[in-house]
Protein chains: 2
Amino acid sequence: MANLTLRDVARAAGVHSGTVSRALNPATRDRVSPETVRRIDKAVRELGYTPNPIARSLRTSKSHTVGVVIPDLTNPLFPPMVRGIESVLDEYGYSPLIVSTDDDPEREATHISALLARQVDGLIVGTARLGDTTFDELAARGTRIALINRRAADSGLDSVTADDDTGMSLLIHHLATLGHRRLLCLAGPRNTSTAVARLRGFHSAVRAEGLDDDAQLVVECASWTAAEGAARFAEALDGGTPFTAVVAATDLVAMGCYDVMAERGLSCPDDMSIAGFNDMPFVNRLAPPLTTVAVPQYEIGREGAQMLMAALGQQEHMPRTVLLPVTLTVRGSTGAPGGHRER
Amino acid sequence: MANLTLRDVARAAGVHSGTVSRALNPATRDRVSPETVRRIDKAVRELGYTPNPIARSLRTSKSHTVGVVIPDLTNPLFPPMVRGIESVLDEYGYSPLIVSTDDDPEREATHISALLARQVDGLIVGTARLGDTTFDELAARGTRIALINRRAADSGLDSVTADDDTGMSLLIHHLATLGHRRLLCLAGPRNTSTAVARLRGFHSAVRAEGLDDDAQLVVECASWTAAEGAARFAEALDGGTPFTAVVAATDLVAMGCYDVMAERGLSCPDDMSIAGFNDMPFVNRLAPPLTTVAVPQYEIGREGAQMLMAALGQQEHMPRTVLLPVTLTVRGSTGAPGGHRER
DNA sequence: GCTTGCGCTGCAATCGTTTGCATCACTCTG
DNA sequence: CAGAGTGATGCAAACGATTGCAGCGCAAGC
């Protein structure tokens with residue numbers, strides 16, 4: 001079990017190490033006589049040889065690892081994506097190196113340098129910001145990159161995100177059908193594509209449904225957190241502009257709204273309907289269960305990884321922008337307006 | 001920005017590449033004259049040189065990566081541990097390679113082979129089973145291993161877990177104080193140290209508190225899932241043996257109980273108190289918020305990583321068994337018994 | 001003044017694979 | 001039967017860093 005090398009196998013099979021290398025590599029296996037291949041395979045099996053990927057990497061300058069850059073592993077939205085990525089990478093013999101940036105550009109930069117220093121063959125990035133050209137620059141220098149979850153504006157990068165726009169329409173339509181006319185939108189940070197797409201979807205759906213289109217009803221959250229959601233929601237409640245439902249950019253933001261409701265003794269959905277976005281794990285267990293737009297998290301991961309794997313093969317390739325379909329998941333947190341009036 | 005080597009730096013600084021190597025390595029830096037070090041540092045900075053870890057690994061046969069083996073990244077219990085691990089590994093210049101086994105021994109074996117083939121310097125394992133000698137064998141062959149979350153029986157392996165025993169005592173005491181006499185214990189799979197420790201804690205605390213010690217009141221769950229918890233809990237309810245509170249081996253199992261309660265129109269804690277274990281993220285947001293034993297997830301990760309880093313340094317070392325303190329977190333899911341009687 | 005010793009640096013082998021090129025034994029063709 | 005072609009394998013140079021060893025210059029010691 002000590003570490004064997006090609007030479008050990010070569011000796012056992014009575015051939016040269018170069019021949020063993022060729023026999024073991026599927027791409028060059030047919031350049032070795034079948035008889036020799038058989039002898040080598042036997043020797044490999046008997047000795048229990050496994051190739052040393054580090055030596056291979058040194059020679060080929062491919063590490064067979066990819067960096068996975070996400071905001072925060074403890075945000076339940078991301079583990080499913082990571083597992084999706086993992087499942088594809090496994091098939092290709094690649095391994096992920098996962099880093100959490102906490103949405104801090106500095107941490108992100110540090111981690112990315114570290115990943116590149118580790119010679120990752122590519123990056124799967126879930127932290128792109130709209131103003132930021134970091135990834136375009138990296139791509140220009142030859143780093144293979146696939147964006148997931150968020151896109152970067154107009155950059156020629158592969159990306160796979162949810163169809164936020166459509167999802168928002170479905171949600172707004174649902175609320176409109178329930179009878180809501182004035183919806184508070186707790187938008188995400190405007191420097192992310194996700195926030196922008198969802199906000200755009202909000203605006204266009206509000207208009208399409210003929211609901212009140214009031215600038216007061218749109219508030220930007222500085223971060224995708226429950227705390228931020230709670231703060232902005234509380235402000236909006238105090239602001240005096242009436243609304244009967246709130247559309248949160250993200251389930252976490254919606255959870256912040258729940259907190260405020262509880263603090264103030266308000267009841268959801270009687271006093272206020274609340275909807276989230278993402279359908280992250282466990283939001284079906286909140287009280288009440290959260291109405292939200294289900295985003296195919298696992299598939300986003302898979303698709304992003306697929307794209308990167310595809311890109312690694314080719315020299316030049318057309319960047320693709322993939323939108324994955326979403327579905328409206330209606331649960332208990334949305335209902336007909338009126339609780340307010342009935343009091 | 002193309003890939004520079006030691007030789008490029010050496011040329012720029014007018015020295016030999018070996019000297020550059022020595023100047024860059026903190027351990028050998030003092031063998032190079034200060035003046036030369038300065039020149040080399042300057043050249044490194046100007047050229048933007050970064051060492052190639054792959055070449056380094058090949059030569060030193062240390063990959064500066066560690067395998068992190070956990071059951072499932074989408075179980076909210078584990079991301080905090082992983083982040084704890086990450087934080088320590090960062091300090092040491094190590095990177096984690098994370099794999100999810102879904103508690104399937106076959107997947108585990110596959111992943112571990114892959115990790116070893118990738119030449120990880122050590123393993124942080126959260127999937128140990130009591131009967132299993134896999135990790136002892138690996139350790140005997142020289143693989144450095146630290147167990148977290150679960151231990152392996154009597155094996156001379158480093159391990160860090162929560163003080164399950166004490167946690168269970170705290171919890172039982174809490175329930176006893178509320179007036180409960182008959183507690184259903186939904187234990188975890190008996191082939192895990194965690195399940196065994198918590199069960200042992202349950203038994204001894206029940207006796208210490210003078211509660212009913214009835215074999216009927218202990219049921220083993222085959223897996224740590226909500227579905228399994230729901231199934232066993234439903235059976236127990238139907239079984240006729242009375243109890244007023246349920247102690248679940250894990251928060252997920254407790255969530256399964258919530259499901260059954262909801263299905264049957266029972267109310268927690270009025271009809272039944274329910275307690276979990278772990279205090280995983282978001283259980284404070286369940287309805288009702290879950291009473292549970294808070295396990296220091298992040299710290300378990302940190303401590304496990306510390307141990308492994310320490311072990312990598314030494315030749316032989318005394319394995320340590322660390323128990324991290326836990327705290328009882330009382331929330332809304334436990335209350336005085338009586339709901340049943342009052343009906 | 002010559003040796004000894006020491007501090008600094010160069011030299012070159014090495015880690016384990018991959019891969020272009022050379023070589024060799026054949027077979028086939030005309 | 002000579003020459004070309006072909007298929008299989010050996011050879012050896014990389015890949016980029018580390019490191020034991022050797023060599024060099026120089027100061028100190030006698």
Side-chain angles (χ1 to χ4, degrees), chain A residues 1-44 47-65 93 116-121, chain B residues 1-44 47-65 93 116-121:
Chain A
M1 198 59 191
N3 272 347
L4 302 180
T5 77
L6 276 185
R7 304 175 116 81
D8 298 316
V9 178
R11 200 175 312 123
V15 294
H16 188 265
S17 61
T19 306
V20 178
S21 173
R22 278 185 282 257
L24 262 31
N25 183 336
T28 52
R29 187 189 236 90
D30 55 351
R31 308 197 48 197
V32 177
S33 81
E35 159 58 16
T36 308
V37 169
R38 214 169 308 127
R39 254 197 355 269
I40 291 174
D41 280 348
K42 181 157 162 284
V44 165
L47 298 177
Y49 165 81
T50 57
N52 182 328
I54 295 186
R56 189 209 302 278
S57 293
L58 179 58
R59 178 61 221 244
T60 61
S61 58
K62 322 229 92 274
S63 66
H64 284 251
T65 59
L116 295 177
R118 277 208 182 269
Q119 313 280 112
V120 294
D121 294 340
Chain B
M1 197 59 191
N3 271 347
L4 301 180
T5 78
L6 276 186
R7 304 177 117 79
D8 298 316
V9 178
R11 199 174 315 122
V15 294
H16 188 266
S17 62
T19 306
V20 178
S21 173
R22 278 185 284 257
L24 262 33
N25 183 333
T28 51
R29 186 189 237 90
D30 55 351
R31 309 197 48 199
V32 178
S33 80
E35 160 57 16
T36 308
V37 169
R38 215 168 309 127
R39 250 194 1 265
I40 291 175
D41 281 347
K42 180 158 163 284
V44 165
L47 297 177
Y49 165 82
T50 58
N52 182 328
I54 295 186
R56 189 211 302 279
S57 293
L58 179 59
R59 178 63 221 248
T60 60
S61 58
K62 321 230 93 274
S63 66
H64 285 253
T65 59
L116 295 177
R118 277 206 182 269
Q119 313 279 111
V120 294
D121 294 340

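Quick caveat, the model's predicted, so the values are computed rather than measured. Residue numbers start from 1 in every chain, and the chains themselves are labelled A, B, ... in the order their sequence lines are given, proteins ahead of strands.
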Just the rounded figure in Å: distance from [atom2] of [N] to [atom1] of [X].
| X | N | atom1 | atom2 | result |
| --- | --- | --- | --- | --- |
| K62(B) | dG16(D) | NZ | P | 23 Å |
| E35(A) | dA8(D) | CD | P | 12 Å |
| R38(B) | dC8(C) | CZ | P | 13 Å |
| L58(B) | dT18(C) | CG | P | 12 Å |
| L4(B) | dC15(D) | CG | P | 14 Å |
| R31(A) | dA22(C) | CZ | P | 14 Å |
| D8(A) | dT17(C) | CG | C1' | 13 Å |
| R7(A) | dA12(D) | CZ | C1' | 10 Å |

Of the options [options], whose atoms approach the side-chain atoms of [X] most closely?
| X | options | result |
| --- | --- | --- |
| R59(A) | dT9(D), dT9(C), dT18(C) | dT18(C) |
| H16(B) | dA17(D), dT19(C), dC11(C) | dC11(C) |
| R22(B) | dG16(D), dC11(C), dG10(D) | dC11(C) |
| A55(B) | dT18(C), dT9(D), dA17(D) | dA17(D) |
| V15(B) | dT19(C), dT9(C), dG10(C) | dG10(C) |

If you take all heavy atoms of L24(A) and R29(A), which pair is closest and at what distance?
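The answer is O-NH1, 4.1 Å.
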
Between Q119(A) and T65(A), what is the shortest heavy-atom contact and its length?
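Closest heavy-atom pair between Q119(A) and T65(A): O-OG1, 4.3 Å.
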
For the backbone of P53(B) and the side chain of S57(B), can you confirm whether one donor and one acceptor N or O come within less than 3.5 Å of each other?
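Present.
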
From Y49(B) atom OH to D41(B) atom CG, the distance as rounded to the nearest 0.5 Å:
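One gets 12.5 Å once the value is rounded to the nearest 0.5 Å.
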
Heavy atoms, side chains only, cut-off 4.5 Å: are L4(B) and V9(B) in contact?
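No; the side chains remain at least 4.5 Å from each other.
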
Phosphate OP1/OP2 of [N]: any [X] side-chain N/O under 4.0 Å:
| X | N | answer |
| --- | --- | --- |
| S33(B) | dT9(C) | yes |
| T19(A) | dG10(D) | yes |
| S21(A) | dT18(C) | yes |
| T36(A) | dT9(D) | yes |
| R56(A) | dT18(C) | yes |

For P51(B), report the nucleic acid contact type (base, sugar-phosphate, nothing); a contact means any heavy atom under 4.0 Å.
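Contact class for P51(B): sugar-phosphate only.
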
I54(B) or N25(B): which one's nearest nucleotide on DNA chain D is closer to the 5' end?
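Closer to the 5' end of DNA chain D: I54(B).
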
